[in-house]
Amino acid sequence: MGDLLRENTLYGNIYDWAIGIVGEDLAWLAYTVAVMAIILLVVNAFLAMGTLYTWAERRIIGRFQSRVGPNRVGPFGLLQAIADAVKLLFKEDIVPRAADRIVFNLAPIAMLAPSVMALAVIPFGQTSYLANLNIGLLYLIATSGIASLAVMMAGYASSNRYAMFGAMRAVAMLISYEIPLVMVLLAVALLAGSMSLVDVMTSQAIPFLLVTPLGAIIFFLAISAELNRSPFDITEAESELIAGYLTEYSGMKFGVFYLAEFANVLLAGAIFSTLFLGGWPWWTPLSHVWFLVKVMAFAFIAIWVRSTIPRFRIDQIMVIAWKVLFPLSLVNVAAIAIEVVAWPERTLPQLVIMGIINWGITAVATVAVTRAWRASNGLRVSPSARAVRLEVG
Amino acid sequence: MQPVDNAFQEFLFWLLAAVTVGCAVLVVVVRDMFRAALLLIASLMSVAGIFVLLNAEFLAVVQVAIYAGAIAILVVFAVMLTRDVPEANRSSPIAPAAFTMAAVLLGALIYSIMQAEWDLLPEDVPAPLAAVFVDTPARLGTMLLNEYVLAFEIAGVLLFAAVIGALALVRER
C-alpha cells in the first residue's frame, strides 16, 4: 500500500517536500499530507469541472433547441452554475414526514461517492493517475454498482410512489445495461491484455475505437443508459414520473444528485477516451489538454444525442439492452477472443488487420440487427400509444 | 517505502472489524427491513476493506462488485416484496434456535481459527512468492483456465442452467 501513488509526480513532490519538513520519522504524516492534498486537488477539480459542465450543457442544448440558454450571470453566463449552487443552498431543505430520514440523507452521498471513487484509476495525463491498479476495469464496475443502490435508497426512503417507480425503473435499466457494458470491458481487457487502465491506454497503437468499433458503439449506448440521460432518461421522465427518484429532494441534496449526474458524464467521457480514444499519449507536455479535449468531444456527442433523440419507452429500453446490445456484445467478445489468439502480439499491423475484420463484423451485425428488428417490429408503437398520438395529432 | 506502518494498519483493521461486526449485529436488531438490508451491505463492504488491508485487492473489488452491485440489489428487491417493511424485522419463533445455531457456528469458527497452524509468510517475503501478490488477477486467470478448468466449466454450466431456469419460470405461456 501507499507506494501505489509513487508514479504520480505531483504526489511524489508533495511527499518529498513534506518529508523535508517533518523528517523520516514522521513519514506517515508526510504521507497523509500528500494523499490529502492530491485527493483535495483531484476531487475538487472534478467537481468544479462538473459544475462548469452543467453550464456548457445548458448552453449547447439551448443552441440545439434554437434558444439562447443561460447567458445572464457573468460573461456568457459562465457563472450560472455558481448562481444555481447558491440558490440551491438557500432553498428550504424539506424532508417528507413519512421519509426514512437517515437513508434519505445518505442517498445523495451514496450517489456522488462512486463517481469520486472511480477517479482513482483514471489516467488524466502522463504521471497524473492516482493508482495504476492492475484491476482498474473491475474497480470501475464495482464502483458503478454502488450508484444503483443509491438510486434505490433515494426511491425507497422518499416514501413516494413516483420516487419508487423511478427507482425501480432505474435499477431495472442499470442492471440490464451493466451486462453489455461489462462484456465490452471484457473485450477491451482481452485486446489490451491487461485490466489496468494505464496499460489499456498505452497498448493502443491505434485507438481501440478503430480496432473494435462495435465495442465502442455498445459501450456508448450502454453508458448513456447508465448515465440516465435522454434517450434513456425514463427514471426521471418528467412527463410521467414528475422527477422519478428525485421527486422529494430539494435544496442542496437535489444539487448533489444533479452534480453527480453531470459529473458522471465527464467521468464516462474520461473512461471512454481512455478505453477507445487512446487517452493522452500524443505529445507529452500537453497530455492533460489532449485528454481533456477527448473528454469534451465525448460530452458534446452525449449532449448531441440527448437533444436529438426522443425518450424510449421502458419496454423498448429493455428490448435494446437484452435483444440487441447483449447478443452484439457476445459477438464482439467472441470475435476479439479469437483475434487475440490469432494475433497475440497486437502490434500495429496486427491491430490494423483486427480492425478491418471488426469493421466487417460491425457492418454485418448492424445490418442483421436492423433486419431482425424490422421483422419483429421491435420498436412498433403500441396500439394505445398510437391512439393517444392520433388524438393529439 | 512503506508509509502505512503497522500501527496504522492495525488501527484500520480494528476500525473495519468494528464496523463489520457492528453492522452485522445491527442487521438483526434494527426493525426496518430496508435499513437492515443496507446495514448488511455496509458490513460486507467493510469486509472488502479488510481484504484490501490483506493485499487482496482483486478479492476486495470482486466483493464490492458482487455484494454491493448484485446481491444488494437482489436483497433490496426481496425486501420490497415483504409486507410492512418498516416493522418487518421482528423477532420470529425460530429466533432462539437460530441464535443457538449462530453461537455454535461462531464458537466453532473461533476454536478452529485459534487452533489452526497458520502458515504465515515471513516478514520479508521471498521474491518468487512476492511476485504472486503483484499480479493476482493474471495468475488467477491462468490457474482457472489451466489447472482448475473443469471446476470453472462446471460453475459456468451451473450458472447457465440457473439462467435458463429463471427464464423458464417467468415465461408467459
Side-chain angles (χ1 to χ4, degrees), chain A residues 1-6 12 15 18-19 24 26-32 34-35 98 100 102-103 106-107 110 114 117 121 131 133-153 155-157 159 164 167-168 171-172 174-175 178 182 189 193-196, chain B residues 1-9 11-12 30-42 44-45 48 51-77 79-80 85-86 133-141 145 163 167:
Chain A
M1 286 174 74
D3 25 19
L4 267 179
L5 275 166
R6 216 34 197 173
Y15 181 79
I19 273 281
E24 282 292 337
L26 285 172
W28 63 271
L29 190 62
Y31 172 72
T32 315
V35 167
D100 187 336
I102 299 174
V103 181
L106 274 177
M117 277 163 69
V121 291
L133 282 186
N134 55 5
I135 43 170
L137 290 176
L138 211 57
Y139 179 85
L140 286 179
I141 297 165
T143 48
S144 75
I146 302 173
S148 43
L149 193 64
V151 170
M152 205 73 219
M153 284 165 74
Y156 169 78
S159 63
M164 200 64 235
M168 285 292 192
V171 172
L174 289 176
I175 51 184
E178 220 156 72
V182 171
S194 168
M195 285 200 285
S196 147
Chain B
M1 189 190 73
Q2 190 74 4
V4 182
D5 55 6
N6 287 332
F8 188 58
Q9 278 203 26
F11 166 73
L12 278 182
V30 161
R31 302 194 88 179
D32 190 318
M33 276 300 272
F34 191 78
R35 285 189 188 178
L38 289 179
L39 284 164
L40 177 68
I41 294 152
L44 293 168
M45 297 263 273
F51 286 150
V52 173
L53 271 187
L54 292 172
N55 276 331
E57 287 94 355
F58 179 74
L59 205 55
V61 168
V62 169
Q63 169 94 2
V64 174
I66 290 178
Y67 282 104
I71 305 277
I73 301 296
L74 190 72
V75 169
V76 167
F77 265 91
V79 166
M80 295 291 163
V85 176
F133 291 103
V134 176
D135 204 6
T136 352
R139 284 189 67 90
L140 273 176
L145 292 179
V163 169
L167 285 178

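Order of the sequence lines fixes the chain letters, A, B, ..., with proteins taken first and strands second; residue numbering starts at 1 for each chain.
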- prompt: Can you name the nearest heavy-atom pair linking V61(B) to A142(A), along with the distance?
  reply: O-CB, 3.7 Å
Side-chain touch Y156(A)/V79(B), heavy atoms, less than 4.5 angstrom: no
- prompt: Is it true that atom CD1 of I102(A) has more than 12 heavy atoms of other residues, nucleotides or ligands lying nearer than 6.0 Å?
  reply: no
message: Please find the pair of heavy atoms, one from F34(B) and one from M152(A), that lie closest to each other, and give the distance.
response: CZ-O, 4.0 Å
- request: Under 4.5 Å heavy-atom distance to chain B, tell me which part of M153(A) shows up: side chain, backbone, both or neither.
  value: both
query: What part of I41(B) is in contact with chain A, defined as an atom under 4.5 angstrom from a non-hydrogen atom: side chain, backbone, both or neither?
result: side chain
query: Heavy-atom distance under 4.5 Å to chain B: side chain of I175(A), backbone, both or neither?
result: side chain
message: Using the side chain to side chain contact (heavy atoms under 4.5 Å, CB included) definition, which of the options I135(A), L138(A), I141(A) pairs with V62(B)?
response: L138(A)
query: For Y67(B), does the OH atom have more than 12 heavy-atom neighbours from other residues, nucleotides or ligands under 6.0 Å away?
result: no
task: Measure F77(B) against the heavy atoms of chain A and call it side chain, backbone, both or neither at under 4.5 Å.
output: side chain
